[in-house]
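Have a look at the structure below, then the notes.
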Amino acid sequence: MKALGTVFKYGDNVDTDVIIPARYLNSSDPKELATHCMEDIDKDFVNRVKPGDIIVATKNFGCGSSREHAPIAIKASGVSVVIAETFARIFYRNAINIGLPIMECKEASEAIKEGDEVSVDFDSGIITDITTGQTFKGQPFPEFMQKIIDSEGLLNYIKNK
Amino acid sequence: MGMTMTQKILASHAGLSSVSAGQLIEADLNLVLGNDITSPVAIKEMEKMNLNKVFDKDKIALVPDHFVPNKDIKSAEHCKCVREFALKNDITNYFEVGEMGIEHALLPEKGLTVAGDVIIGADSHTCTYGAVGAFSTGVGSTDMAAGMATGKAWFKVPSAIKFVLTGAPKKNVSGKDVILHIIGKIGVDGALYKSMEFTGDGIKNLSMDDRFTIANMAIEAGAKNGIFPVDDICENYLKMHSKRDYKIYSADDDAEYDEVINIDLSSLEPTVAFPHLPENTKTISEIKEEIKINQVVIGSCTNGRLNDLRIAAEILKGKKVKKGMRLIVIPATQAIYLQAMEEGLLRIFIEAGGIVSTPTCGPCLGGYMGVLAENERCVSTTNRNFVGRMGHITSEIYLASPAVAAMSAIKGYIAAPED
């Protein structure tokens, strides 16, 4: 599986309150959540994002609340993968559990810039910045988590087990 | 090799004699928790997957508390979804509005979280129950759904940072100052994926309410959980609140820690986290300018307990809040509310010019009951001061203890009571 898209670049500690503000948590509809995705950090995100686009951030992406609405909103907005140096642990779990691809890679998170064209090969973990020609090696998932991802989420995984 | 306290609890719940950091395990759960925001997502996922039965109706807690009493029609629909699920599955621990409280204050008070438990909750502040010697951690709605269906959850066994607390805190220094100090020191990802294990003879100088506040904000340092050893103070609390058997686990003497951090509690000062991260801390004496504020919130799963209200009331007694100040006091549970009423604390807040609300998470996450306008500032005893957390994206939240919050309400700017 591969992802290919244009990068939206953010910094450290992008929290779940800016990914999807709590004032919209009276809904759990993915499409509705997507219309407010990243609203408090990047007002223009929802107007610019195209299917397949990629979010790249630095440290501790998704810190804060446990709201699964955050990865749901990102996934529903069409983002194909989030690359960061590190993820907050609940966001990490949630992303795997709902089938939003994520990848940890310090070098890529530092080097890739806003607007770059990037491709990600999930099987090899290779991240390619097509704009600059640089390549990076992302952290592959442990086998157990890969099984959850392959089952398209935790509930499918436990059902199939 | 020895195990940390957290590792021992996880090993026993996974049926293993020992575990080590990084190992993936499946553990039996003593309690699965959800609220009105996270449960509906979990319930819909269960329905979609035809997972029609819960593993144990006594081991699930459903606490509508975030937008409750219902703030609008959509919130009302969410609460209705949770209520109907609770009825259909005969969930023992569903708390209707008149029985409720903020989940992390309510569940220990009801005796549903005890030492030695493994608990997951679809709320990031589920780590609060580390105060009673349980392993508890926040998860998302899908994990909650899986937990409700199977009674199990997968975990990557965490490594740990050991915090050795010594000495006794000064007057007007409480659990909030301790945890803000720690987060200021290690940063908002300083304990990422790890346990924060609190030890040391200073712990005996911390009340259970202080410990709940400290464990509650472990997530604000990125931690998987925060945990306290079970001492006499904790055992007294457990016996007073719970009929359940509990089990005391302690770290092995040769347990391995990533880091050991020593903290002399007597050296700590009232501490405030500036916008927009809990790690942006300053002690009260480092704040030289007068930072004028519009609102003060005293409440939440972090600081809405009885001791917190007593501390605030002692400072506000016979005083008035600054003209134009909005002081919002929110007792965290109905029992705390009632006790505060009997002790005359509510009268003190109201006579000082504040309001007292029924338990709700409302303002902490900018839901309702105290949302901020453009450029407004709030001193809050809550746990997060992210951009837009309490309202407009230009508004600012200063996190502080109940003592600092109460004094700031009187002065109109950030201030601490003098010793």
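Residue numbers begin at 1 in each chain, while the letters A, B, ... track the order of the sequences.
- Neither the backbone nor the side chain of K48(B) comes within contact range of chain A; no heavy atoms are under 4.5 Å apart.
- Across E77(B), H125(B), K71(B), M49(B), the residue that shares the most heavy-atom pairs under 4.5 angstrom with chain A is M49(B).
- Interface summary for chain A: among G388(B), S75(B), S141(B), the most heavy-atom pairs under 4.5 angstrom belong to S141(B).
- The part of I393(B) that comes within reach of chain A is its side chain, from C-beta onward, which places non-hydrogen atoms under 4.5 angstrom from that chain.
- Only the side chain of K44(B) comes within contact range of chain A, with at least one heavy atom under 4.5 Å from a heavy atom of that chain.
- Heavy-atom minimum distance, R93(A) versus A153(B): NH2-CB, 4.5 Å.
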Checklist entry - Step by step, would you call I90(A) with D143(B) a side chain to side chain contact (heavy atoms under 4.5 Å, CB included)? => result CA-CA 10 Å; I90(A) 305 177; D143(B) 275 315; over 6 Å; no
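- Comparing N383(B), T126(B), V188(B) by how many heavy-atom pairs each has under 4.5 Å with chain A, the most go to V188(B).
- To the nearest 0.5 angstrom, F67(B) atom CZ is 10.5 Å from R23(A) atom CZ.
- Closest of all the heavy-atom pairs between L365(B) and A22(A) is O-CB, 3.0 Å.
- In this structure, chain A has a heavy atom under 4.5 Å from the backbone of A223(B), while its side chain stays farther away.
- By the 6.0 Å contact criterion, NZ on K9(A) is enclosed, its count of non-hydrogen atoms from other residues, nucleotides or ligands being greater than 12.
- Smallest separation of non-hydrogen atoms from K74(B) and N26(A): CB-O, 3.2 Å.
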Checklist entry - Please walk me through it: do H276(B) and N13(A) pass side chain to side chain contact (heavy atoms under 4.5 Å, CB included)? => result CA-CA 10 Å; H276(B) 292 281; N13(A) 305 315; over 6 Å; no
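- Residue-level contacts of residues 58-68 of chain A with chain B, in order of numbering, are K59(A), N60(A), C63(A), G64(A), S65(A), S66(A), R67(A), E68(A); threshold 4.5 Å between heavy atoms.
- The two residues N50(B) and K159(A) have their closest heavy-atom pair at CB-NZ, 3.8 Å.
- T150(B) touches chain A through its side chain: at least one heavy atom from C-beta onward sits under 4.5 Å away, while N, CA, C and O do not.
- Of the two parts of Y193(B), the backbone and the side chain both hold a non-hydrogen atom closer than 4.5 Å to a non-hydrogen atom of chain A.
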Checklist entry - Could you walk me through whether D189(B) and D12(A) pass the side chain to side chain contact (heavy atoms under 4.5 Å, CB included) check? => result CA-CA 10 Å; D189(B) 63 349; D12(A) 289 348; over 6 Å; no
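- Between T142(B) and the choices I96(A), N94(A), L154(A), I148(A), the side-chain contact (heavy atoms from CB on, under 4.5 Å) rule is met once, by L154(A).
- Only the side chain of L277(B) comes within less than 4.5 Å of a heavy atom of chain A; its backbone N, CA, C and O stay farther away.
- Sparse packing is recorded around NZ of K80(B), with 12 or fewer heavy atoms of other residues, nucleotides or ligands lying under 6.0 Å away.
- Neither the backbone nor the side chain of I41(A) comes within contact range of chain B; no heavy atoms are under 4.5 Å apart.
- No part of D36(B) comes within reach of chain A, as not one of its non-hydrogen atoms sits under 4.5 angstrom from that chain.
- Contact record, A145(B) with L155(A): CB-CD1, 4.0 Å, taken as the closest heavy-atom pair.
- Using a 4.5 Å cut-off between heavy atoms, R389(B) touches chain A through backbone and side chain atoms alike.
- Heavy-atom proximity under 4.5 angstrom to chain B picks out nothing from residues 105-135 of chain A.
- Only the side chain of L192(B) comes within less than 4.5 Å of a heavy atom of chain A; its backbone N, CA, C and O stay farther away.
- For a residue to count as touching a neighbouring chain, one of its non-hydrogen atoms must lie under 4.5 Å from one of that chain's; by this rule Y157(A) does not touch chain B.
- Heavy atoms of N156(A) lying under 4.5 Å from chain B belong to its backbone as well as its side chain.
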Next on the checklist: Please determine whether side chain to side chain contact (heavy atoms under 4.5 Å, CB included) holds for the pair W154(B) and N97(A), giving the CA-CA distance in whole Å, both sets of side-chain angles, and the decisive distance to 0.1 Å.
Outcome noted: CA-CA 11 Å; W154(B) 66 270; N97(A) 286 344; 4.0 Å; yes
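- Scanning both residues, S28(A) and H78(B), for their nearest heavy atoms gives OG-NE2, 3.6 Å.
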